[in-house]
Amino acid sequence: MSMTITEKILARAASKKCLGPGDNVWVEVDILLTHDVCGPGTIGVFQREFGRQARVWNREGVVIIPDHYIFTADQKAHRNVDTLREFVKEQKLPHYYDVGTPDYKGVCHVALPEGGHVRPGEVILGTDSHTCTHGAFGAFATGIGNTDAGFVMGTGKLLLKVPKTLRFRLEGEMPSYLMAKDLILKVIGDIGFDGASYCAMEFCGSAIRSLSMEERMTICNMAIEAGGKNGVIEPDEKTFEYVRSRTNKPFEPVYSDAGAGVETERVYDVSQIEPCVAEPHVPSNHALARERRSVKLDRAYIGSCTGGKLTDFLAAARLLKGKRVTIPTFLVPATVEVAEGLSRELVNGKSLVEVFAEAGCEDIAPPSCAACLGGPADTFGRTKGSEVVISTTNRNFLGRMGSKQSRIYLASPYTAAASAVAGHIADPRDYL
Amino acid sequence: MKTIRGKVYVVRDDIDTDQIIPAQYLNLVPTIPEEYAKLGTYALCGLPDGSAPFVKPGAPKAEYTILVAGRNFGCGSSREHAPIALGAAGIRAMVAESYARIFFRNVVATGEFYPFEVAERLCERFATGDEGEIDPTAGTIANLTAGKTFAMKPLGAVAPVVEAGGLFAYARRAGMIK
Ligand code: SF4
């Protein structure tokens, strides 16, 4: 029986020859990811259910990355990181990226592959809905809650339902002004906010293959914004190159069989796709940037696991070089590695740090989730009133960045940067 | 499972987890009993301004037992704080047209309440404050205020897990873990 990449990864993890959509199978988990917001609760469940003396199923398999509430005076947030620290020490966990140490990385979904913890063909579960990001590397990756994660911590297994696969074939050459974010916002706009509920979203085609690993991450990151269980892209030489530069661990790539049955297949010609935004308050509210020029903005925000990677800042810098922003523009690199890249990478002989400073952006914040999810009252970039924000993040939910009165428009880094210059929503083609 | 009767709170489509429990309260850890209770007091406080308060200011819990919703309830983040906040606030069952996947799974895993599905658009058939009654044997939910009864979809494999009190209790009962 031919199977999709998602089915094949799950079959292998469940030690089954074949399986299909709707089957419930116990899978062996390779990596369990957690962070400071859901880690303490997961640890609480694990200790309550397995006992204080219990050991995690596999020390190599647990990766803990504090990233959400880092640069805050909130006492409970500090207490939560202390809980992680204590647990890591007790359990002697080797993969912990502690705050305030040289190990600190930042946003978990960018940090996880950076740390070499994402490998093709593996099963990655995380206590964060954007764990689906890691499907960009040809892995099966999905978000789970604390109770499920506590169960995985103790047993290394979880009962999963095999999802149907929705295939998205994106063909053609990427226009210079278009980014992965435009592609995924278009797809979500077409299928709707719950259009991929319980399904795997498989992305393929020449346009997908042409994307960098970071851009592929942007695509899979937002699968959850259509309700998808996982996003996935078949691995190729680019994937292997990235993964091998980060880890020596062996891995076995998995590919969809020719003729594997999928629920639906949609085909796109990317040359027909235009820069866009998602209007408040759901990511499926698709609108073309050029048709929303009348929307005045108070703020631009470039950051998060979706839009705070090095590629994202490079794009923003290419647009901003030699120009000035007209609204406060907040920059939050996802990880320390991205932040270092901002000083290293050059655009027209100037570092990104210089380009952003000359363009009049706010001082670059230290890496963390920051205002992507609002967070404690003192969070960098958090909205406080009725700000209208253009943001490279993944969610424009009511109150997502802090204030219920503020309105968030999601966009690519090109569109966000062009809009920061214009002071209203703008099409990057007018500024590049 | 026994009959569940009480006041109903009604929301519509696409209620995301940020509305169920806004991110600023995610510093609370659900396995710490006082913080579990505290999460309940913030349940649904992220709904748009002008919505009827789900938990009255200063009250320890909501006066509602049943939550009725439209499509895609619980979309967004994987925060288990969301079903926990609703359970801690006093919700014992909810009835929606559809749920987001991770939220539904978290409801079952925590055993906080019963997540029923209905084909009918119940958020148009109930108003906040109506008296509701869920009869699990008959598979129905009644609006006692309006005097109408609606069929629910069977809970299937999910029922015994919630009944047992969640994933761990169920797995122990079934001999999957010690
Ligand atoms: S950057 Fe935003 S979406 Fe990504 S993990 Fe952090 S809070 Fe979640």
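- For chain A, no part of B:A157 is nearby; none of its heavy atoms comes within less than 4.5 Å.
- Contact of A:D194 with chain B is made through backbone and side chain together, with heavy-atom distances under 4.5 Å.
- Within the 4.5 angstrom heavy-atom criterion, no atom of A:Q47 approaches chain B.
- Counting all heavy atoms, side chain and backbone alike, B:N72 lies closest to A:S197 at OD1-OG, 4.4 Å.
- Only the side chain of B:P30 comes within contact range of chain A, with at least one heavy atom under 4.5 Å from a heavy atom of that chain.
- Heavy-atom pairs under 4.5 Å with chain A were tallied for B:Q24, B:R105, B:Q19; the largest tally goes to B:R105.
- Only the side chain of A:Y69 comes within contact range of chain B, with heavy atoms under 4.5 Å apart.
- Note on B:T17, B:L28, B:I177, B:V29: by heavy-atom pairs under 4.5 Å with chain A, the leading option is B:V29.
- Both the backbone and the side chain of A:K229 come within contact range of chain B, judged by heavy atoms closer than 4.5 Å.
- Here the two rings, on B:Y99 and A:Y198, have centers that are 6.0 Å apart or farther.
- Contacts between B:L26 and chain A at a heavy-atom distance below 4.5 Å involve backbone atoms as well as side-chain atoms.
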List the steps, then state whether salt bridge (Lys or Arg N to Asp or Glu O under 4.0 Å) holds for B:D18 with A:R395.
CA-CA 10 Å; B:D18 282 81; A:R395 287 188 176 143; 5.1 Å; no
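- Contact annotation for B:D49: both backbone and side-chain heavy atoms come within less than 4.5 Å of a heavy atom of chain A.
- The parts of A:N146 that come within reach of chain B are both its backbone and its side chain, each placing non-hydrogen atoms under 4.5 angstrom from that chain.
- Ring pair B:F168/A:F151 is tilted by interplanar angle, where 30° to 60° counts as tilted.
- For A:I224, the part lying near chain B is the side chain, with the backbone staying farther off; criterion is any non-hydrogen pair under 4.5 Å.
- Within the 4.5 angstrom heavy-atom criterion, only backbone atoms of B:L47 (N, CA, C, O) approach chain A.
- Side-chain atoms of B:N106 come within 3.5 Å of backbone atoms of A:G145 as a donor-acceptor pair (strictly under, hydrogens ignored).
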